[in-house]
Amino acid sequence: MNTDEKNSWTPFSHSSEAVRRVETAPETPQTQSDTYRLAFADPEFMTRRELRAVRLQLELLKPEMALAARGIRSTVVMFGGARIPEPGGAAWAAKNATQKKNLEANAHYYAEARKFAQLCSTYSSTTYNREFVVVTGGGPGVMEAGNRGAADVGAPTIGLNIVLPHEQAPNAYVTPELCFNFHYFAIRKMHFLMRAKAMAIFPGGFGTMDETFEALTLIQTGRMERIPFLLFGKSFWEKAVDFDFLAEQGVISPSDLELITFVDKADEAWEVIRTFYDLE
């Protein structure tokens with residue numbers, strides 16, 4: 001039971017009390033039946049296909065309640081490749097010599113992500129860690145660098161993990177009480193953007209691309225406020241996505257190119273945010 005529930009009054013018994021009472025009920029054929037279980041305390045019932053709408057709502061609600069209780073009003077979202085190692089670290093995800101060479105060369109993005117998170121979190125501390133709180137996907141690589149940078153300066157940092165077929169434990173730098181786990185990608189994406197005041201995207205693969213273009217689409221269509229949208233590594237992004245070609249072909253507006261700011265250094269990125277919001 002949380003603090004608000006303890007401090008409020010209701011004449012009705014709490015649902016947690018009902019769960020305890022059911023657990024202590026005499027064992028009979030009736031009480032041992034699946035149908036006798038309380039619906040909200042029945043894992044098999046809650047994971048039925050027909051309950052998907054309820055699970056979607058719960059995944060939206062649980063992190064929202066925790067973040068609101070913590071007083072977090074805005075975030076800086078950091079996306080980037082899970083496979084990028086820290087400088088001097090092993091390129092554990094490399095499948096061949098070429099990938100090993102390139103991943104090791106890209107390790108400087110880990111360092112810049114860590115420094116960028118330090119800058120964001122240092123400012124965040126002046127707001128009692130309510131504004132510009134660093135949020136990542138909670139995994140390795142650039143995500144780890146983001147959470148690590150916040151932890152370096154003693155700031156809280158959010159990790160939004162996702163259940164995947166292969167094991168992905170949260171990195172050790174996520175603030176434990178701000179570490180969330182999701183089944184639904186769609187709800188996880190909503191939580192990335194609901195408090196976003198800036199987005200910093202580092203080189204990455206399909207997941208990074210997916211999150212990047214979904215956010216850009218929301219901004220482009222006016223469904224989301226324009227915010228600093230920073231692509232780290234101009235040389236990478238110019239090869240990965242030819243934005244100028246898209247504009248030349250008429251499939252995006254030339255003005256859409258103004259939604260993106262290319263940066264290479266953490267200091268440069270923070271200056272864009274500081275100027276945009278006129279921060280001291």
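The analysis underlying the following values was restricted to heavy atoms, covering all of them including side chains, and did not include hydrogens, waters or symmetry mates. Just so it is clear, the model here is predicted, and its values are computed rather than measured.
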With a 3.5 Å distance limit and no angle check, can you tell me whether [X] reaches the backbone of [Y] through a side-chain donor-acceptor pair?
X	Y	value
H191	L60	yes
T175	T157	yes
T24	R21	yes
N102	Q99	no
E112	A266	yes
T47	E44	yes
T75	V77	no
Q220	D256	no
S124	C120	no

Is there a side-chain contact between [X] and [Y] in this structure, where contact means two heavy atoms from C-beta onward sitting under 4.5 Å apart?
X	Y	value
F243	L257	yes
T28	Y36	no
R37	V22	no
F40	V19	yes
L230	I273	yes
D34	F45	no
M209	V241	yes
M199	F192	no

Exercise: identify the closest heavy-atom pair between [X] and [Y]:
X	Y	value
V134	G146	CG1-O, 3.8 Å
N147	I158	ND2-O, 3.2 Å
P85	Y110	O-CB, 3.5 Å
P228	V272	CB-CG1, 4.4 Å
D264	G233	OD1-CA, 3.4 Å
L193	A215	CD2-CB, 4.1 Å

Is a salt bridge present between [X] and [Y], judged by a nitrogen-to-oxygen distance below 4.0 Å?
X	Y	result
R70	E177	yes
R188	E211	yes
K100	E104	yes

Please say whether more than 12 non-hydrogen atoms of neighbouring residues, nucleotides or ligands are located less than 6.0 Å from [atom1] in [X].
X	atom1	result
F276	CZ	yes
R148	CZ	yes
Q57	CD	no
M190	CE	no

Check: Which is it for V135 and L178 under the side chain to side chain contact (heavy atoms under 4.5 Å, CB included) test, yes or no, and what are the steps along the way?
Finding: CA-CA 9 Å; V135 56; L178 295 175; over 6 Å; no
To the nearest 0.5 Å, how far apart are [atom1] in [X] and [atom2] in [Y]?
X	Y	atom1	atom2	answer
T208	I201	OG1	CD1	9.0 Å
L51	D42	CG	CG	9.5 Å
E214	K189	CD	NZ	4.0 Å
F79	M143	CZ	CE	10.0 Å
K101	N106	NZ	CG	11.0 Å
I227	L259	CD1	CG	10.5 Å

Tell me whether [X] shares a hydrophobic cluster with [Y], the cluster being built from Ile, Leu, Val, Met, Phe, Trp, Tyr side chains joined at under 4.5 Å.
X	Y	value
M194	M78	yes
L164	V142	yes
M46	V163	no
L119	L279	yes
M224	F213	yes

Check: Between F202 and F232, what is the ring plane arrangement, given parallel below 30°, perpendicular above 60°, and tilted in between?
Finding: parallel
Check: W270 vs F132 aromatic rings, parallel, tilted or perpendicular, using cut-offs 30° and 60°?
Finding: perpendicular
Notebook entry, point to check: Tell me the salt bridge (charged side-chain N to carboxylate O under 4.0 Å, His left out) pairs involving residues 118-139, sequence neighbours left out?
Noted result: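 Residue pairs passing salt bridge (charged side-chain N to carboxylate O under 4.0 Å, His left out), neighbours aside: R73-E131, E131-K197.
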Notebook entry, point to check: What's the verdict on side chain to side chain contact (heavy atoms under 4.5 Å, CB included) for F180 and L67, showing C-alpha distance, side-chain angles and the deciding distance?
Noted result: CA-CA 10 Å; F180 304 99; L67 295 173; 4.0 Å; yes
Check: Hey, mind stepping through Y277 and Y123 against side chain to side chain contact (heavy atoms under 4.5 Å, CB included) and telling me if it holds?
Finding: CA-CA 12 Å; Y277 290 107; Y123 179 82; over 6 Å; no
Item checked: Stepwise side chain to side chain contact (heavy atoms under 4.5 Å, CB included) test for W92 and L103 -> CA-CA 9 Å; W92 56 269; L103 285 171; over 6 Å; no
Note to self: Between E271 and T275, do the side chains contain a donor N or O and an acceptor N or O under 3.5 Å apart?
What the structure shows: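 A donor-acceptor contact under 3.5 Å links the two side chains.
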Next item on the list: Return the set of residues passing salt bridge (charged side-chain N to carboxylate O under 4.0 Å, His left out) with E144 (not counting sequence neighbours), or none when no residue passes.
Entry: none
Next item on the list: Check the pair E27 / T31 against side-chain hydrogen bond (donor to acceptor under 3.5 Å, both in side chains), numbers first and verdict last.
Entry: CA-CA 6 Å; E27 292 189 9; T31 63; over 6 Å; no
